[in-house]
Amino acid sequence: MKTHLTAVLAGGLLYALLANSAENAPAVTADRISVFKAPLVCPAAPQIGCGSASKPILLDLEKQPGVLEAWLNRAGTIIAVVWKLESDAETRSKVATGLKEDRATELQGDSRDKAVQDFLSGKGWYHGADVDRLSEEEADIIAARLVRWVQAKSSLPKDKAEGLQRAFADTLRKDLTGEYARLNQKPRRLQDIARDYLDEEQVKILKQAIKDEEAVENGEKPVPKEG
């Protein structure tokens, strides 16, 4: 999965935004739901799904004939498709075939039943562009991790750390949710933002942290253990 930090780089305690799960799942019967195992876990925050990777898939699904809604679970491991009443087997098969291109495979049997039951609970599922909430949460996680890296290797006053984290999180949220792209704007590089809070030695520390974060997003390194 391509890193979304590159665009930001080229151009406070952690207050994680708790992503808003869908409060009410669609009032449909199980036979109108198909579920697909999907590789959409966020590399930088493996406890949640990747909003920026899943959003185009979900929005494209909802343009397909026969599809009423498309959802992602919080973990980023399952896509749920709610079919229109008039959808037929052929239509559903074509959609399932298309999802295979995104490495999503349809669940069957007990796995399907369990996933459908979870979906119908209405807890921890995100509809269409609502996966932006996951991207916002990812941005907060990355911002906090970068600041902790600098704090671990230098002296950084609390007020500067909190201000830097907020500034990072704001830029990353706008990038990961596509806000900059919609406005046709180029995001500031993180190291340029950091110069308002850090000295040159600390900026050098941050640059290494950014390289490590990119490696995590590209799957080249594991997420660093905290503590």
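Since this is a predicted model, take the numbers as computed values, not measurements.
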Contacts satisfying salt bridge (charged side-chain N to carboxylate O under 4.0 Å, His left out) that involve residues 38-51 (not counting sequence neighbours) are none
Side chains of E69 and W71: is there a donor and an acceptor less than 3.5 Å apart?
yes
Heavy-atom closest pair (R112 atom, A30 atom, distance to 0.1 Å) is NH2-O, 2.7 Å
By salt bridge (charged side-chain N to carboxylate O under 4.0 Å, His left out), K221 pairs with (sequence neighbours left out) D212
By side-chain hydrogen bond (donor to acceptor under 3.5 Å, both in side chains), D113 pairs with (sequence neighbours left out) none
Original post:
Is T97 reaching over with its side chain to a backbone N or O of S93, donor-acceptor style, under 3.5 angstrom?
Top reply: yes
The side-chain contact (heavy atoms from CB on, under 4.5 Å) partners of P222 (sequence neighbours excluded) come to none
Those residues at least two apart in sequence (or on a different chain) that pass side-chain hydrogen bond (donor to acceptor under 3.5 Å, both in side chains) with D110 are none
Sequence neighbours excluded, the answer for side-chain contact (heavy atoms from CB on, under 4.5 Å) partners of D132 is K55, T177
**Request:** Flag the pair E106 and K37 as a salt bridge only when some basic side-chain nitrogen lies within less than 4.0 angstrom of an acidic carboxylate oxygen.
**Result:** no
**Asked** Are E137 and R133 within salt-bridge range, i.e. N to O under 4.0 Å?
**Response** no
Contacts of K174 meeting salt bridge (charged side-chain N to carboxylate O under 4.0 Å, His left out) (sequence neighbours excluded), chain-then-number -> D170
The reported gap from CH2 in W149 to CG in L206 (rounded to nearest 0.5 angstrom) is 10.5 Å
Q. Any side-chain heavy-atom pair from T105 and F36 closer than 4.5 angstrom?
A. no
Margin query: Using side-chain heavy atoms (C-beta onward) and a distance below 4.5 Å, is C50 in contact with L134?
Written below: no
* Is it true that a side-chain atom of T91 and a backbone atom of S87 form a donor plus acceptor pair closer than 3.5 Å? -> no
Residues at least two apart in sequence or cross-chain that pass side-chain contact (heavy atoms from CB on, under 4.5 Å) with D199, listed by chain then number, are E201, Q202
CD1 (I193) and CG (L198) are apart, to the nearest 0.5 Å, by 11.0 Å
(request) May I ask you to check whether T171 and D175 show a side-chain donor-acceptor distance below 3.5 Å? (result) no
Short question: side chain of S121, backbone of D118 - any donor-acceptor pair under 3.5 Å?
yes
- Would you say R145's side chain and E213's backbone share a donor-acceptor pair under 3.5 angstrom? no
Is any side-chain heavy atom of I33 closer than 4.5 Å to a side-chain heavy atom of F119?
-> yes
Output for pair (I57 CD1, E101 CD), nearest 0.5 Å, gives 11.0 Å
Nearest heavy-atom contact between L40 and A53 is CD2-CB, 4.1 Å
Inset, instruction - Go through the steps for R173 and E138 under the test salt bridge (charged side-chain N to carboxylate O under 4.0 Å, His left out), then give the verdict. - result: CA-CA 8 Å; R173 284 190 213 113; E138 177 189 357; over 6 Å; no
Those residues at least two apart in sequence (or on a different chain) that pass side-chain hydrogen bond (donor to acceptor under 3.5 Å, both in side chains) with N184 are none
In this structure, CG of L107 is separated from OG1 of T77 (nearest 0.5 Å) by 9.0 Å
Looking only at heavy atoms, the pair that brings V35 and A115 closest together is CG2-CB, 3.9 Å
Sorted by chain and number, sequence neighbours left out, side-chain contact (heavy atoms from CB on, under 4.5 Å) with A181 holds for none
Sequence neighbours excluded, the answer for salt bridge (charged side-chain N to carboxylate O under 4.0 Å, His left out) partners of K84 is none
Counting only N and O atoms by type, is there a donor-acceptor contact under 3.5 Å from the side chain of R32 to the main-chain atoms of V82? no
Sequence neighbours excluded, the answer for salt bridge (charged side-chain N to carboxylate O under 4.0 Å, His left out) partners of D196 is R188
Are any side-chain N or O atoms of Q64 and backbone N or O atoms of V95, one a donor and one an acceptor, separated by less than 3.5 Å? no
Worksheet item: Should L176 and E136 count as side-chain neighbours, where that means a heavy-atom distance under 4.5 Å?
Response: no
Interatomic distance, CD1@I205 vs CG@L146, rounded to 0.5 Å, equals 12.5 Å
Residues V41 and A75: closest non-hydrogen pair is CG2-O, 3.4 Å
> Are Y180 and L172 connected in the hydrophobic side-chain network, where two residues link if heavy atoms are under 4.5 Å apart?
Replying inline: no
Lys NZ or Arg CZ of K123 over W125 ring: under 6.0 Å, within 45° = no
